[in-house]
Amino acid sequence: MDLQQLHQIQPYLWTFPLKSGESRKEVLLYGGRALLESMDDKVLEQITHVASLPGLVGAAMTMPDAHWGYGFPIGGVAAFDAEQGGVISAGGVGFDISCGIRCLRSNLNLQDVEPHLSTLAERLFRVIPAGVGEEGFLKLDTKQLDQVLLGGARWAVQQGYGSEADLEFIEERGCMSGAVPANVSELAKKRQRGEMGTLGSGNHYLEVQVVERIFDTVTAQAFGLQEAQIIISIHCGSRGLGHQIGTEYLVSMAKAAARCGIHLPDRELACAPIKSPEGQQYIGAMNAGINCALANRQILTHLTRETFMEVFPNSELETLFDVSHNTCKLEKHEVEGKSRMLHVHRKGATRAFGAGHASLPERYRALGQPVIVGGSMGTGSYILAGNRDNPAFASASHGAGRALSRHQALARWHGKQVIGELAQQGILIRSRSMRGVAEEAPGAYKDIDLVAETTEQARLARRVAFLKPLACIKG
DNA sequence: ATGTGC
């Protein structure tokens, strides 16, 4: 991206000035010079399109890890007011509805795990279904699936996959309200029948990590983190169900937009007024998709615990937090001194509530929400904490963010070579897809250290801990 | 992201 066309407001905040005759809201880009210079021009084009949608409140924003997505950029944040004709967009949520990360903290340290790492990786790889179309141990009929869509992680716990203690540390206490299973098609449910408790493909992973650095000892203590501790991160979403919801509602939203006279600068931006029948139907379906993802990560947590118990009989894995980064949520935000209810799209952006927010578990309330910034395999992850003065509708980065397209990555790396290079650094990769591994090569991603540092400098969240990968199960 | 697509 050419920074000449931007205006720097603060050291880590840029705006794209309006051209004469252009009618849109403000565009804000969070990030430093290095990240923005290497960012695709498409990000600016896409977020400028978002800024032209009806009912947008404040500015359309991108996080430091933003990259080109479908319609909305990944790393995009946009809040809409239903009372002012605000819209909801399937492309603004993302096709993998409620894709997110579950983080588990263990009572094990590096010394305990290192000698058994290969055994652990092998067993996790055998137990955790991963890859395109891979199915799990559960086969659900439509009626059971409706219960999943209503109950989320709470349903999974009721089935014996985890405990009440997990629920406290999941967004929405593990169960998203407002889910309407009837708004989810039979086809979407059929696709999900065998896919509960599966990882999926692409950038999804289950990773065994070690806390390598603590940045903020007080917050780390509240989060239960210390150096050399073993952490497990599970990154996945709502699988075939979420994807099918996205596909179907994209069509219904395109029709709604045409009927309501909404000008779409890009057909991928299909959206419907929040107050329209299509908008309302999508919200019910999306909330069901969120519950699907929450249940999915809960079942995977259960499988992870079972596997750890086989290798480390005294292991205990507690849920540190579970946060989504592909959602649209109705939240209360202060705008120019006024409290308003807004539909906040976060696509490839993590919710980052600051200290004192009522929805936070008591354990974290004085310090802020754990913000999980997932790395690519090999480059580590960060846990940050939400700030009370977050300027972006309580949002922050979600990961390293791609720097090269999948296509570019395939042209540059081979899967086996990537696995070999990571093995030399002591990082074990287990995957059924060598193509997938090549696409996910660490070099195809932005510098996560820079993303985390910039996220802190832009006051979006503050760094608490850095996690180094040890073993990664890939889709 | 995805019962992977020009």
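In the text below, chain A, chain B and the rest are named by the order of the sequence lines, each starting its count at 1.
- Protein atom CZ of A:R435 is 14 Å distant from nucleotide atom P of B:dT2, rounded to whole Å.
- Nucleotide B:dG5 holds its P atom 12 Å from the CD atom of A:E439, rounded to whole Å.
- Rounded to a whole Å, the CD atom of A:E195 is 9 Å from the C1' atom of B:dT2.
- A:R402 comes within 4.0 angstrom of no nucleic acid atom, judged by non-hydrogen atoms across all strands.
- Whole-Å rounding puts the A:L199 CG to B:dT2 P distance at 9 Å.
- Using a 4.0 Å heavy-atom distance criterion, A:G202 is classed as a sugar-phosphate-only contact.
- Inter-residue side-chain proximity for A:H325 and A:C99 is flagged as met; some heavy-atom pair is nearer than 4.5 Å.
- As rounded to whole Å, 15 Å separates atom P of B:dC6 from atom CG of A:L410.
- B:dT2 atom P lies 5 Å from atom CZ of A:R239, rounded to whole Å.
- The distance from atom CD1 of A:I74 to atom C1' of B:dT2 is 13 Å, rounded to the nearest whole Å.
- For the pair A:E122 and A:R126, the salt-bridge criterion is not met [side-chain N within less than 4.0 Å of a carboxylate O].
- Using the six-membered ring where Trp is involved, A:H345 and A:F80 have ring planes that are perpendicular, over 60° apart on the 30 and 60° scheme.
- Contact annotation: A:S201 reaches the phosphate of B:dT2 (side-chain N/O to OP1 or OP2, under 4.0 Å).
- For the pair A:E134 CD and B:dT2 P, the computed distance is 12 Å after rounding to whole Å.
- A:R432 forms a cation-pi arrangement with A:F125, by the criterion of a distance under 6.0 Å to the ring centre and an angle within 45° of the ring axis.
- Residue A:G94 is classed as having no contact, given no heavy-atom separation below 4.0 Å to the nucleic acid.
- At a threshold of 4.0 angstrom between heavy atoms, the contacts of A:S238 with the nucleic acid are absent.
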